[in-house]
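One structure below.
Throughout, a chain's letter reflects where its sequence line sits, starting with A, and its residues are numbered from 1. Keep in mind that what you see is a predicted model, and the values were worked out from it rather than measured.
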Amino acid sequence: MAENSNINETSDFIRDIIREDLDAGKHSTTVTRFPPEPNGYLHLGHAKSICLNFGIAEENASTGSRCHLRFDDTNPTKEETEYVDSIQEDIKWLGFDWGDYLYFASDNFEQLYEWAVFLINQGKAYVDELTADQIREYRGTLTEPGKDSPFRDRPAEESLEIFSKMRSGQFKNGEKVLRAKIDMADPNINLRDPVIYRILHAEHHRTGTDWCIYPSYDFAHGQCDAIEAITHSLCTLEFEQHRPLYDWFIDNLPVSHKPRQIEFSKLQPTFTLMSKRRLIQMVEEGHVDAWDDPRMSTISGMRRRGYPPEALRSFCKTVGVTKFTGITDIALLEHAIREQLNREALRKMVVLDPIKVSITNWPGEDHTEQMNAINNPGDDSLGARTIPLSSNVYIERDDFMQDPPKKFYRLSPGSEVRLRYSYCITCDEVIKDSAGVVIELKCTYDPLTLGKNPEGRKVRAAIHWVPFNEALSAEIRLYERTFTVDEPGAEDDWRTVINPDALTVLKNSKLEPSLAEAIIGTSYQFERKGYFCVDSKNSSKNSLVFNRTIALRDSWAKMNKK
RNA sequence: AACCCCGUGGUGUAAUGGUAACACAACGGUUUUUGGUACCGUUAUUCAAGGUUCGAAUCCUUGCGGGGUUGCCA
């Protein structure tokens, strides 16, 4: 018992159902699927679904389980190849693999058409000639039953003939539809003779102009699941009331597999907008630069921002899978990001907003010493590097205060501080320009403090620095939460709660020389500041651009807020 | 309004009729050449009422609260 409980298994109500099905011999393995519509970029909510579906396949790998990637492309007016490509890239980046199991709902259009004909022949579907408005009127309301269309009982031969003409393009958009014949009085509106085929004269991204009629989601999804032999079809809560319809098609069509739909709640993190429609608006109205803008909750945006895929997976795991529609504190994600980055990121020294320090008692202008700096204090295998120190360095502007409050441990006139990995210095003189802005500090160093504490006095802070002569320059983009309120989606207009400080661009930051070799896709901790990555779009060898993924926790800043 | 689903610390999740727990957050402390990390500690939870039971977060009933649904979107 002790041996098989060592695997840190994730468990939730869906995995429980799957376990029971497997134990009962209902299935010998699991087949799940991730079914995006290629009409936009994937976001954090999709990551949850991806982790669920692909995660289940990984966990049951010993039984031969798999997870399919299926593009749900039944609406040619909205879907594009651009999205098909980005979706695949995002799933791979998250660390999942569909192997050979790539599917498109559109590959089944012919089969779906045949099944529609089958239903007509069974007297379970009919061509309706009511207009869209009329169909809506006839459907009834939540409290009143609907009424039958006058075309509902037309002979099957007649429906068959018109349906065939619909396919061959003899009608305009919206002129006729094919409907399932179920029950116009059912309290579940989805069962009141749902439209299963509509006329859409539009070019499809894969089938071109082969078709001008397209199956609805309800008529396609479950059947595609059946064709692919999906065992458990997992979707979000808004499809719950569609399940009886899902089952109705599976029961009334000659399919060889009977998949089961199970619904779970969507992810809704604080301080973020999740709906695809609003994400589109953010891009199209220019509130952000692109789909992969680091302020976006898209997977590509998060990737560019520097969120590690492991952190996203870990976050999805802690969030879990339930039917409860709550709101998840974004701090959970931020914690997962810091946890992963703390583990993997190489430490660097970078001065975001520099002031010059000259060390007046340094042995000479030409004298340089190599300071040894560790790359990651939690992981010795990541090694060390050296940083040259000579008479002039840059330090951070907020590491100096003319009139410091009591608990300020950093530099101020007459105080002593350690230059990290190096000597302690004392500030002797403050030089300001005519406007009173500090432009330089004159300090003296204590040569006896390298690698040891000064004698007889306590130095409480170590501040980061960058050598003046060898410093690299870079643009640094500081990102903060994209919205100012925890539920931007609940606002009358989310545009009014966009955080104006979500992006701050720093043009004159100074980096330690080793960052010349910074690699796209690698995360660095700029010590005492945060985690940063090379921007994948705008950075170049001669003009470096870094994005702040997330700031370090800052108990000093927190203390000052109080 | 009708139907369906869901209610466990501030937030998310676990406990599957048998001592209500974990993570995050918040707060306090120890360590520290990152005001970081790590470690220790504190605060705080079963929506309500009734019922079944030796025993209920769990099962039943009612109420209350939240979410979803009234596309020829998915």
Given the [atom1] atoms of [N] and [M], what is the spacing between them in whole Å?
N: B/rC47; M: B/rU58; atom1: C1'; value: 15 Å
N: B/rA56; M: B/rA49; atom1: C1'; value: 15 Å
N: B/rG17; M: B/rG51; atom1: C1'; value: 16 Å
N: B/rA44; M: B/rG71; atom1: P; value: 49 Å
N: B/rC59; M: B/rG18; atom1: P; value: 12 Å
N: B/rU61; M: B/rG12; atom1: C1'; value: 30 Å
N: B/rG35; M: B/rU42; atom1: P; value: 28 Å
N: B/rG10; M: B/rU46; atom1: C1'; value: 16 Å

Between [X] and [Y], do the side chains contain an N or O donor and an N or O acceptor separated by less than 3.5 Å?
X: A/D193; Y: A/Y138; value: no
X: A/T77; Y: A/N75; value: yes
X: A/D379; Y: A/S381; value: yes
X: A/T10; Y: A/E59; value: yes

Syn-anti status, with the boundary at 90° from 0, for the nucleotide B/rG66 =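 Judged by the O4'-C1' to base torsion, B/rG66 sits in anti, the angle falling more than 90° away from 0.
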Starting at atom CG of A/L332, determine the distance to atom P of B/rC22, rounded to an integer number of angstrom.
->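 Between P of B/rC22 and CG of A/L332: 16 Å.
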What's the CD1-P distance between A/I330 and B/rC24, to the nearest Å?
->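 So the CD1-P distance, A/I330 to B/rC24, works out to 16 Å.
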Between B/rA1, B/rA26, B/rA14, which one does the side chain of A/K558 approach most closely?
->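 Nearest nucleotide to the side chain: B/rA26.
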For nucleotides 33-38 of chain B, just jot down a letter per nucleotide in 5' to 3' order: B, S or -, based on protein non-hydrogen atoms under 4.0 Å.
-> BBBBS-
5' to 3', nucleotides 62-74 of chain B under a 4.0 Å protein heavy-atom cut-off (B base, S sugar-phosphate only, - none) gives -----SBBBSBSB
Under 4.0 Å between any heavy atoms, over every strand shown, what does A/T322 touch: base, sugar-phosphate, or nothing? Just pick one.
->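 Sugar-phosphate contact only - A/T322 comes under 4.0 Å of backbone atoms but never of a base.
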Where each residue is assigned the nucleotide of RNA chain B containing its nearest heavy atom, which of A/R243 and A/D329 is assigned the position nearer the 5′ end?
->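 Its nearest nucleotide being more 5', the pick is A/R243.
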Pairwise 5' ranking along RNA chain B for A/T328 and A/A331, keeping only the more 5' one =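 That would be A/T328.
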